[in-house]
Q: 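First the structure, which I've put down as structure tokens, then a few questions once you've had a look.
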Amino acid sequence: MALKKKPVKGMKDMLPAEMQVRDYVTGLIKETYKSFGFSPIETPCVEHIENLCSKQGGDNEKLIFKIMKRGEKLDLQRAESESDVTDSGLRYDLTVPLSRFYSNHANDLPSPFKALQIGSVWRADQPQRGRFRQFVQCDIDILGEAGCLAEIELILATTTLLGKLNFSDFKVRINERRILKAMALYSGFAEEQFDLVFIILDKMDKIGWDGVKAELAEAGFDQERVERYVAMFTEMESSGDGLCYLEEKLAGTLEEDVIDNLRMIQASVEATKAGQFELAFDPTLVRGMSYYTGTIFEIEMPQFGSSVAGGGRYDRMIGKFTGKDVPACGFSIGFERIITILMEQGFEIPGNSGKKAYLVEKKMPKEKLCEVLKEAKAEREKGTQVLVTLMNKNKKFQKEQLMKEGYTEFREFFNR
């Protein structure tokens, strides 16, 4: 059987030019998030299958790369179901592993705990621009903080990072799952119908309000309830102040602190943000994960045409491990999408100039080669990146290739 030189579909090899950008962005992420008090942690890429299939990951649970049992635990001849041959899988995100991690180590961690995770995750998805089957996620989470300070810090940290990468004029959309539920309840939908209603609402930006009405009707919902539901969104938009409209409209249905929390988040972020971006309340923002319980948010960039970061509050996930709920809120930046944008824009790493390449002619005498290596050592001690390599016959092409990797200065050493 012939060996294949291309990577598996949905996964990619990374050339040195991209790796330099990825390493730079990773370093900037760590530096920025640490300045906000987040502590780096690491969890295994393999997770218990029970945790991955706990109905907390939405559609991602359909995309798990499952791992068969090993050794004597695997008995294919007696297997009657998938559970007989599978006991683990590759993680599809970092939130479920974080919840397991925290439930296992809570006594050894401060409260609240601000966690930073960067690592690969795997989903058996259909690959497309900025979406792969193996990709890096970058999450920050605050565990044990019930107040809206958690949301404020997460938004400020993430937008500060994007500003350091020279992104501006992006939009942070914010909503509340309790608002979504209160609006559905006010319209007359039963609680068991909420998820279907929200799935259809989530399509609004693609199908418009007429499309939302049509799909709700097609799903069998009463026309009066559908009209009442959609009317709230259009009335809210024309009111000029959506939060004030909802505060009056949903009085008695919506918990009193919800609107106040959103106002506090908006005011605090606007007063202390770094860089230029818009923070906007968006009542149509849904976020697909079923584990969200409160505030949800996304970041949209015109350069990508869709969200490049998202997150929200998930106060009930850790309780499924421990039996006691713990307030939790997180923000995940789309690392691969950010890298895609930067590579397409020809991003240049700040301060990446001054890389030197020493091209050494073949069959260099030992004494002369040692002189070159000592000079390279002295330059490296000054902090300069120096490559010592043999000179190719086609020096022009060799230099062109090295220039693509950021080398700007060349020295040639000959055997004479």
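Residues: numbered from 1 along the sequence shown. The structure presented is a predicted model; accordingly, all values stated were derived computationally and were not measured.
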Q: What pairs of residues pass the salt bridge (charged side-chain N to carboxylate O under 4.0 Å, His left out) test when at least one of them lies in residues 317-331, not counting sequence neighbours?
A: none

Q: Check whether more than 12 heavy atoms from other residues, nucleotides or ligands sit under 6.0 Å from atom CD of Glu218, and answer yes or no.
A: no

Q: Please find the pair of heavy atoms, one from Glu298 and one from Ser307, that lie closest to each other, and give the distance.
A: OE1-CB, 3.7 Å

Q: If a pair satisfies salt bridge (charged side-chain N to carboxylate O under 4.0 Å, His left out) and one of its residues is in residues 302-319, list it, with sequence neighbours excluded.
A: Glu151-Arg313, Arg313-Asp315

Q: Got Arg22 and Val136 here, is their nearest side-chain heavy-atom distance under 4.5 Å?
A: yes

Q: Apply ring-ring contact (aromatic ring centres under 6.0 Å, His included) to Phe335 and list each qualifying residue two or more places apart in sequence or on a separate chain.
A: none

Q: What orientation do Tyr102 and Phe113 show, parallel under 30°, tilted 30 to 60°, or perpendicular over 60°?
A: parallel

Q: Filter on ring pair (Phe, Tyr, Trp, His ring centres under 6.0 Å), then keep only pairs touching residues 142-169, sequence neighbours left out; what's left?
A: none

Q: Determine all donor-acceptor pairs shorter than 3.5 Å in which one atom belongs to a side chain in residues 268-278; sequence neighbours excluded.
A:
unit_1, atom_1, unit_2, atom_2, d
Ser268, OG, Met264, O, 2.8
Glu270, OE1, Lys273, NZ, 3.2
Thr272, OG1, Ser268, O, 2.7
Lys273, NZ, Phe277, O, 2.7

Q: Could you list the residues that satisfy ring-ring contact (aromatic ring centres under 6.0 Å, His included) with Phe281, not counting sequence neighbours?
A: none

Q: Aromatic rings His105 and Phe101: how do their planes relate, parallel, tilted or perpendicular, breaks at 30° and 60°?
A: tilted

Q: Can you list the residues that meet the side chain to side chain donor-acceptor pair (under 3.5 Å) rule with Tyr314, with sequence neighbours excluded?
A: Asp141

Q: Side-chain contact test, heavy atoms from C-beta onward, threshold under 4.5 Å: evaluate it for Gln117 versus Gln137 and give yes or no.
A: no

Q: Should we say atom CZ of Phe397 is surrounded by more than 12 heavy atoms from elsewhere, each under 6.0 Å from it?
A: no

Q: Look at atom CE of Met403 and say whether more than 12 heavy atoms of other residues, nucleotides or ligands are closer to it than 6.0 Å.
A: no

Q: What residues, two or more places apart in sequence or in another chain, satisfy side chain to side chain contact (heavy atoms under 4.5 Å, CB included) together with Leu196?
A: Ile200, Ala219, Phe221

Q: Looking at Lys30, I'd like to know if its NZ atom is crowded, meaning that more than 12 non-hydrogen atoms belonging to other residues, nucleotides or ligands lie closer than 6.0 Å.
A: no

Q: For His48, enumerate each residue passing the ring-ring contact (aromatic ring centres under 6.0 Å, His included) test, keeping only those at least two apart in sequence or located in another chain.
A: none

Q: Around Gln345, counting heavy atoms of other residues, nucleotides and ligands shown, do more than 12 lie under 6.0 Å from its CD?
A: yes

Q: So, are Glu412 and Lys399 salt-bridged, with charged N and O less than 4.0 Å apart?
A: yes

Q: Just grab all the salt bridge (charged side-chain N to carboxylate O under 4.0 Å, His left out) pairs involving residues 381-391, residues at least two apart or on different chains.
A: Glu379-Lys382

Q: Can a donor-acceptor pair be found between the side chains of Gln385 and Tyr407 at a distance below 3.5 Å?
A: yes

Q: Is there a side-chain contact between Met183 and Leu250 in this structure, where contact means two heavy atoms from C-beta onward sitting under 4.5 Å apart?
A: yes

Q: Which pairs of donor and acceptor atoms, one on a side chain in residues 236-244, lie under 3.5 Å apart (sequence neighbours left out)?
A:
unit_1, atom_1, unit_2, atom_2, d
Ser238, OG, Thr234, O, 3.3
Ser238, OG, Glu235, O, 3.0
Ser239, OG, Met236, O, 2.6
Ser239, OG, Asp241, N, 3.3
Ser239, OG, Asp241, O, 3.4
Asp241, OD1, Leu243, N, 3.3
Asp241, OD1, Cys244, N, 3.1

Q: In plain terms, say whether Lys12 and Glu336 are close enough for a salt bridge, that is, a side-chain N and a carboxylate O under 4.0 Å apart.
A: no

Q: As an exercise, state the distance from CD1 of Ile49 to CD1 of Ile67, rounded to the nearest 0.5 Å.
A: 8.0 Å

Q: Could you check whether Glu300 pairs with Lys171 (Lys NZ or Arg NE/NH1/NH2 to Asp/Glu carboxylate O, under 4.0 Å)?
A: no

Q: I'd like to check the side chain to side chain contact (heavy atoms under 4.5 Å, CB included) partners of Glu31; sequence neighbours left out, ordered by chain and number.
A: Leu28, Lys164

Q: Can you measure from CG (Leu254) to CZ (Arg178) and round to the nearest 0.5 angstrom?
A: 7.5 Å

